[in-house]
Structures are given as C-alpha cells and as structure tokens.
Amino acid sequence: MHISERHIKNSRAPLAIIGAGALGCLFAVLFSPACPVLVYDIDPAKQEILANEGIYCGSIHYRPQVCSGLAQAATAGLLLIMVKSPHTAGLARDLAPCLQPGAKVLSLQNGLGNLEDLADFLPRKSLFGGVTYQAAREVLPGQIQHNGSGPTYFGAAFPGQSQGEAEIAGLFKSAGIAAIVPENIEEERWRKLVVNAAINPVAAVYRKENGLLPQLPAARSDMEALTKESVLVAQALGLALSWETMWERVLAVCAATAANRASMLADVEARRLTEIEAITGSIVRLGEKHGLEVPVSRRFLRHLEK
Ligand code: KPL
C-alpha cells in the first residue's frame, strides 16, 4: 500500500485538536492538507505514541505537532474540543488559565451539558458548539479507520454572545470538510442527540457494528423506542423534530457508518467511562422534567451507568 506522508512545518498553528481519540485523530488528518495541526491528549502514553508514530488513517500517514501540555495547544486560534463528555469540566478548568485572548473553542462532542461545562470556566464569547456526522474507529492508539463522512454543523454556543462562525467555516472549507452553520443549531444538536440516543447505547449492549443493529429485531425495536422517546422530549422542548424523519435519519446513519463500532461500544470494550449520562441521562432527566414516560431510555441508562 502506498502511504502518503503529510509533514507540515509549524508556525503559529491556526488549529489545535484537544483529545486524540478516533474523531480527534480523524479531524487532525482531515485538516492537515489545509493547515498545521496541533494535537493534545491528556494521556502521556498517547502523546508519546503520536509523537513517535504519527497518525495512520487508511493510506494517509500524518505527523501532527504533538503538545505535551494544554498551554502549548492553547496557542492555536481555534481549539477543537474532542474529549469525551465526562472529561469536559476538568478540561475547561485546566484550559481557563492558558486560553489566549481572541481564541475560539469549538465543541463537537456528543450529548448535552458540554457547552455549559465549558462556560463554567471559559468566556462565553469564545464558545461554539456543534455536531459532526463524521465517524471513525480507533483500531490502535493513533491508527484509525474513517468509517463515515457526513457534514459538521456548528454555531455560537450561546446565540448572540459570540461571533466568528464565518472564520471557522472558512477553515473547514479550506480543508474541504463539509461544514454548515444552520439557522437553528439547537435543533441540529438535538437531531444528533436523537441519533446518538438511539444508536450508542444499543450498540454498547448488543456489541455490534452500527450497520448490523437494524438487522437484529430486538436491537431494531429498542432503537425505534429510543428514537420515539427522545423525539417526544425534543418536541416538549419546542423543537421541530418529527418521529418519521428522525427514524429515517437513524437508519441512514447506521447505513452510512455501517462498519463503525459506535463510540459508546468502544468505550465499554476499553473499560472507559462512557457518554451515557450526557446522552441517555439527558433524555431521562428532561423527560422527567416534562412529565414524559421514557422507560426504554431509563432501562439503557440503568444498564450502562457506572
Ligand atoms: O456519533 C456516533 C458515535 O459513535 O458516537 C455515531 C453517529 C453513532 C456513529 O458511530
């Protein structure tokens, strides 16, 4: 196999990826033709592997500039937050003293609560939030499979409090990564939350790739019920999501990411903390708040929470 090498000399990097899991490494590779990329991961063993070996993704080998501390990563103009949601608050606390004036922070994490955790420590005007339909699997540290390529949606985390979406969109565009600034980012966040709430816990319990889940009758019926429950919660919040469209989208994402093992399954298999609280926990809490029955979400939450 021909491996194409991407080495780019660094000046002041426009972009730092914080969290070098499957999606963090994927975005480093995707941005690499357009700009130098700094990568930071809290795990020193991961830092060493990335610094020595770089990132392998299909036929691409990319050596990012690996940061040994957050302060170095925080010199970039845009920080892409790709850590798992249980680690967001700790990261925000550590980032607060080193964030540069004018720096932008874009969270593309799963689940609810990450933006609030970031805002507890970082200026609201620096914060952007979004969702991505890119899918990747970490085969070994720094070795990833790109298992699905969908758009990324983002916008100001707290509407009216930050500006600069066009600059961020320009960076995505220069790298050829599909990125959209929708009119209603809250609705897009919920569409992805519904997809995650339907696929991730089911994948983690049945331990199958996304493409196989709709083919297993029990898994399919759980996914259907989870989609219904989370759409009901979204509707109670006044969001214009419909059950039919969201079920179609869940099936479409399973097909588009057929070879992927969902991130929650990967976390369960690696015995890491999962995002069950930020995903299913949010549906259960908000369902309760609005007096809705969400029994299937509650069952998966009980099964997967620590
Ligand atoms: O976002 C994902 C994840 O694994 O976290 C999906 C969309 C389910 C793709 O695997």
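- A distance of 5.5 Å separates CG in L122 from CG in L127, rounded to the nearest 0.5 Å.
- No option in E288, E229, H303 other than E288 meets the side-chain hydrogen bond (donor to acceptor under 3.5 Å, both in side chains) test with R298.
- K208 NZ: 12 or fewer foreign heavy atoms inside a 6.0 Å radius.
- The distance from the OG1 atom of T274 to the CG atom of N110 is 11.0 Å, given to the nearest 0.5 Å.
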Apply the test salt bridge (Lys or Arg N to Asp or Glu O under 4.0 Å) to residues R261 and E209: give CA-CA distance (whole Å), side-chain angles for both, the deciding distance (0.1 Å), then the verdict.
CA-CA 4 Å; R261 290 170 85 74; E209 283 77 12; 2.9 Å; yes
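- Here the side chains of P14 and L78 are not in contact, with every heavy-atom distance at 4.5 Å or above.
- The neighbour count for L212 CG, taken as heavy atoms of other residues, nucleotides or ligands under 6.0 Å away, is above 12.
- Between the Q235 side chain and the L241 main chain, a donor and an acceptor come within less than 3.5 Å of each other.
- A cation-pi contact, defined as under 6.0 Å to the ring centre and within 45° of the axis, is absent between K192 and Y153.
- Put simply, the side chain of V205 reaches to within 4.5 Å of the side chain of L304, judged on heavy atoms.
- Under the 3.5 Å distance criterion, the side-chain polar atoms of E188 are left unmatched by any main-chain donor or acceptor of N184.
- Transitive grouping of hydrophobic side chains (ILVMFWY, heavy atoms separated by less than 4.5 Å) brings F158 and L95 into a common cluster.
- Y56 and Y62 have their aromatic ring centers separated by at least 6.0 angstrom.
- Of all the heavy atoms in D41 and G21, the pair that sits closest is OD2-N, 4.3 Å.
- Electrostatic pairing of D222 and R299 counts as a salt bridge here, judged by a charged N lying under 4.0 Å from a carboxylate O.
- By the neighbour-count criterion of 12 heavy atoms within 6.0 Å, atom CD of E48 is sparsely surrounded, having that number or fewer from other residues, nucleotides or ligands.
- At least one donor-acceptor pair closer than 3.5 Å links the side chain of Q109 to the backbone N or O of V83.
- In summary, E186 and R191 do not engage in a salt bridge, as defined by a charged side-chain N under 4.0 Å from a carboxylate O.
- A donor-acceptor contact shorter than 3.5 Å is absent between the side chain of E305 and the backbone of E277.
- Closest approach of L23 and A136 over heavy atoms only: CD2-N, 4.1 Å.
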Just do the side chain to side chain donor-acceptor pair (under 3.5 Å) check on S263 and N200 with the steps written out, would you?
CA-CA 7 Å; S263 55; N200 288 50; 3.1 Å; yes
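- Using a 3.5 Å distance cut-off with no hydrogens or angles, the side chains of T257 and N147 do not pair a donor with an acceptor.
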Verdict with supporting geometry, T88 and N114, side chain to side chain donor-acceptor pair (under 3.5 Å):
CA-CA 6 Å; T88 308; N114 292 299; 2.6 Å; yes
